[in-house]
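Heavy-atom basis, side chains included; hydrogens, waters and symmetry copies ignored.
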Amino acid sequence: MKNGYNIDLGFDQILDLVRQLPKKEKIRLSKELERDIIDAKLTALLKAFKTDDLDQDTINREVEIVRAELYAKPKGK
C-alpha cells in the first residue's frame, strides 16, 4: 500500500526544491517530466485521429489502389 501526501506548493517553491537536488536527480526528474509530456502529446494525437469510420478493409483497399497507381507510373530517370 502506498501512502501519499498532498502538499500545496507554488511553482517558485517547487523550483527552489529542484535546484537543491543533486545533478543526477535533476537529470532523472527532467527525463520523467519529458516522458510525461510525450505521453500527453501522444494521447492527444491518438484521440485526434481516432475514428469508428475507418476499418482495416477500407485501409487495405486504399493501400491497394495507391500501390496500383504507383506501379502503373512509368519509371523514368
Checklist outcome for this item: Grouping ILVMFWY residues whenever side-chain heavy atoms fall under 4.5 Å, the cluster of Leu46 otherwise contains Leu42
Next on the checklist: Clusters formed by hydrophobic residues whose side-chain heavy atoms approach within less than 4.5 Å: which one holds Ile27, and what are its other members?
Outcome noted: none
Sequence neighbours excluded and cut-off under 3.5 Å, please list the side-chain donor-acceptor pairs for residues 29-39, or say none.
{"unit_1": "Glu32", "atom_1": "OE2", "unit_2": "Arg35", "atom_2": "NH1", "d": "3.3"}

Any chain of hydrophobic side-chain contacts (each under 4.5 Å) joining [X] to [Y]?
| X | Y | value |
| --- | --- | --- |
| Leu21 | Leu17 | yes |
| Tyr71 | Val63 | no |
| Leu9 | Tyr5 | no |

Checklist entry - Taking only residues two or more places apart in sequence, or in another chain, which ones meet Asp12 in a side chain to side chain donor-acceptor pair (under 3.5 Å)? => result none
Next on the checklist: Using the side chain to side chain donor-acceptor pair (under 3.5 Å) criterion, which residues pair with Asp8? Sequence neighbours excluded.
Outcome noted: none
Next on the checklist: Testing the basics here: between Arg19 and Lys26, what is the closest heavy-atom pair and its distance to 0.1 Å?
Outcome noted: O-NZ, 3.4 Å
Checklist entry - Is the side chain of Gln13 donor-acceptor paired with the backbone N or O of Gly10 at a distance under 3.5 Å, no angle test? => result yes
Checklist entry - Pairs in or reaching into residues 60-74: which pass salt bridge (Lys or Arg N to Asp or Glu O under 4.0 Å), with residues at least two apart or in two chains? => result Glu64-Arg67
Checklist outcome for this item: dist Lys50:NZ -> Leu45:CG (nearest 0.5 Å) comes out at 13.5 Å
